[in-house]
Amino acid sequence: MSIEKIEQVLQNGTIEDIFQALCANIREIMPATDETDQCILMLLDENKDKESLEAYPFHSILPPISGEHSPYDFPMKEVCKSFARRVLKAPTEPMLLADIKDSGYDASEVSKRYEHISILCTFVFACCGYSMVMYLDSKNHNFTPKNKKSLQDWVSKIQPLLKKHKVHLEEEIFHIKDPIPALIGNSPPLQQLKHDILRCARSDSNVLLLGETGTGKSYIAQIIHQLSNRSKCSYEPLNCSLIQGASGKSQLFGIARDRFTGVQESQGIFEDAQGGTVFLDEIGDLPSDEQAILNLVLDTKTVLRAGEIKRRTVDFRLISATLQNLQHSEFREDLYNRIAQVVITVPSLRDHAEDIPMLCDFFVKAYNQKRKGRQTIASDLKSYLQSQRWPGNVRQLQNVINRILQKTAVLRVMLADCPDIAKIIEESGKTYEKPASSENPSSPEKSPIPEARMTEEEYRISRLWSLYHQEANVDEMVRELSLSRATISPIRVAFRKIKENAELTEDQRNIATILQALKQKGVIRNM
């Protein structure tokens with residue numbers, strides 16, 4: 001197969017088409033492969049333990065050029081994996097069986113045991129966390145340094161083509177091996193979301209996440225950071241709806257030390273995230289003054305601490321989230337253009353309701369692990385949950401499942417075991433905003449919280465109280481509300497003292513007052 005035909009396959013072929021084309025091409029340019037028993041092109045997960053590398057049989061191992069072996073169950077499988085491990089440690093040139101000199105590998109023993117006199121293996125290409133490796137072995141032909149040079153020349157010709165069509169290759173790899181198992185679901189909307197995340201994660205573009213309350217925007221922001229080249233540096237979240245006055249400015253941009261007033265210097269979130277990622281949740285609520293400053297920060301990649309005159313250089317990637325349509329609001333247009341270099345719409349749960357049974361199993365498993373339980377949810381209860389609207393989306397579903405499991409003692413929970421399920425779902429939805437539109441999650445109109453009409457502080461306290469009763473840890477609370485640990489920890493202390501009827505400080509009494517008000521409004525009942 002000619003290079004031109006290979007390029008055509010790389011443009012629009014499946015991963016199987018691509019692998020078959022590459023194997024066919026190498027047979028043409030290396031006559032020695034006529035004597036080859038097995039020509040195997042593997043796709044290996046770089047993130048797995050190197051001692052347990054697997055060649056995924058459903059897409060990576062092709063039938064041998066000759067012989068009776070099945071595509072994956074072949075006698076030389078362990079040797080093939082062993083060679084792949086060695087090649088990935090030094091992927092600069094092909095490796096012959098005779099090249100291995102270490103004491104842990106006896107070439108003569110391999111030849112005697114498997115009746116193969118020669119092996120040739122090489123790294124081909126790396127793509128989105130996977131390594132492509134070509135492996136050949138033979139019983140009758142002894143591969144020579146000339147064959148090794150021919151294989152190296154072939155790799156040199158193929159690599160530019162693979163790099164040129166890397167985007168399509170990534171898409172094909174994505175469809176056969178899910179790189180984001182943390183997002184639970186196999187529905188088309190979820191697959192598209194994972195695809196969007198994967199494509200933007202490796203870039204350094206600013207990302208805007210659009211979606212309703214409870215769809216997991218803050219969780220997705222963390223996934224993007226973890227998959228990015230900035231993953232080894234800090235991830236700094238901040239909820240813009242909680243930014244008020246001078247304290248809000250200092251959270252964002254920092255403050256200089258003032259020896260006359262005793263104010264201590266502090267870094268803002270952009271300095272804290274040096275080299276990493278800043279996540280601004282509810283960016284549509286960012287005050288207009290801070291919008292102007294943020295626009296300048298993104299433009300110049302510098303920040304000016306309050307009380308200073310010298311700007312400081314910062315290096316970060318910005319991920320933002322909102323449930324508003326910023327293009328039809330008073331949000332600055334120039335700032336929107338800077339934060340929305342990539343826009344990802346997170347689907348509401350009702351748009352991928354077919355994933356609810358899988359989500360139920362996932363949350364039940366997590367609940368069981370936390371409480372050492374063995375409960376399961378029956379199919380009739382899953383079907384009922386699947387039929388609901390879920391204004392609070394995945395977060396509300398999780399809360400409902402936790403409440404169901406807490407209220408029932410049976411191991412297999414059926415719909416008949418939950419006579420008040422409708423009430424539980426209705427109550428759980430009161431702490432969430434209704435979707436801005438039944439079909440359009442990015443509608444410019446933002447509905448008030450039903451019946452409660454809570455302030456931002458009330459909403460924050462109610463969500464933290466709910467998570468506290470689910471025994472969520474600080475990290476889970478940080479992820480859910482995009483608040484810092486320093487903000488959440490004293491509130492958790494207040495919750496504990498309130499439950500114990502202990503003596504409260506003034507700040508803790510304020511939290512208790514808010515909880516009482518929320519109880520009167522019917523937002524919380526477990527106080």
Side-chain angles (χ1 to χ4, degrees), residues 1-46 55-67 69 71-72 74 80 83-84 87-88 91-96 118-138 141 143-177 179 191 195-196 198-200 202-203:
M1 179 177 286
S2 67
I3 293 294
E4 291 74 17
K5 289 184 178 180
I6 289 178
E7 184 156 21
Q8 290 177 4
V9 175
L10 284 170
Q11 287 177 339
N12 50 31
T14 65
I15 193 71
E16 289 82 5
D17 294 336
I18 293 170
F19 276 33
Q20 287 171 5
L22 293 176
C23 283
N25 181 252
I26 198 171
R27 289 188 68 186
E28 292 178 1
I29 68 169
M30 285 186 62
T33 55
D34 289 338
E35 301 293 332
T36 299
D37 288 291
Q38 306 195 95
C39 176
I40 300 171
L41 190 56
M42 296 176 287
L43 199 61
L44 303 177
D45 188 345
E46 295 174 353
Y56 296 104
F58 48 84
H59 67 80
S60 62
I61 294 188
L62 300 175
I65 290 175
S66 62
H69 305 310
Y72 188 59
F74 59 97
C80 177
F83 255 75
V87 164
L88 291 183
T92 55
E93 63 177 20
M95 180 180 292
L96 286 165
S118 193
I119 297 173
L120 181 58
C121 188
T122 188
F123 166 81
V124 180
F125 193 66
C127 183
C128 62
Y130 295 89
S131 290
M132 195 181 295
V133 176
M134 175 67 81
Y135 167 92
L136 302 100
D137 63 32
S138 177
H141 176 78
F143 293 122
T144 65
K146 184 177 179 180
N147 297 140
K148 183 176 175 179
K149 177 66 166 57
S150 297
L151 185 58
Q152 180 66 50
D153 292 342
W154 176 79
V155 171
S156 299
K157 292 178 181 178
I158 292 299
Q159 280 185 342
L161 295 179
L162 295 171
K163 186 175 182 180
K164 180 179 178 181
H165 300 287
K166 185 177 179 180
V167 172
H168 178 68
L169 189 58
E170 286 180 342
E171 291 174 353
E172 288 303 310
I173 293 173
F174 172 80
H175 287 302
I176 53 179
K177 184 65 180 175
Q191 292 297 328
H195 176 72
D196 293 342
L198 185 67
R199 293 196 68 172
C200 81
R202 298 294 182 181
S203 76

Working for side-chain contact (heavy atoms from CB on, under 4.5 Å), residues L162 and V124: CA-CA 9 Å; L162 295 171; V124 180; 3.9 Å; yes
Would you please test Y135 and V87 for side-chain contact (heavy atoms from CB on, under 4.5 Å) and show each step? CA-CA 10 Å; Y135 167 92; V87 164; over 6 Å; no
Roughly how far, to the nearest 0.5 Å, is NZ of K164 from CD of E7? 4.0 Å
To the nearest 0.5 Å, what is the distance between OG1 (T122) and CE (M134)? 9.0 Å
Give, for atom NZ of K166 and atom CG of L10, the distance between the pair rounded to the nearest 0.5 Å. 13.5 Å
Give a yes or no on whether a salt bridge exists between K149 and D153, defined as a side-chain N under 4.0 angstrom from a carboxylate O. yes
Identify the two heavy atoms, one from K148 and one from E93, that lie closest to each other, and give their separation to 0.1 Å. NZ-OE2, 3.8 Å
Show, in sequence, the C-alpha distance, side-chain angles and deciding distance for V133 and L88, and conclude whether the side-chain contact (heavy atoms from CB on, under 4.5 Å) test is met. CA-CA 8 Å; V133 176; L88 291 183; 4.0 Å; yes
Could you tell me which non-hydrogen atom of L96 sits nearest to which non-hydrogen atom of P145, and how far apart they are? CD1-N, 4.3 Å
Does the side chain of W154 come within less than 4.5 Å of N25's, by heavy atoms? yes
Apply side-chain contact (heavy atoms from CB on, under 4.5 Å) to residues L169 and F125 and explain how you reach the verdict. CA-CA 11 Å; L169 189 58; F125 193 66; 4.0 Å; yes
Can you tell me how far the CD1 atom of I158 sits from the CE atom of M132, to the nearest 0.5 Å? 10.0 Å
Could you measure the distance from the CZ atom of F143 to the CG atom of L151? Nearest 0.5 Å is fine. 9.0 Å
Using 0.5 Å steps for rounding, measure from the CG atom of L136 to the CG atom of N147. 9.5 Å
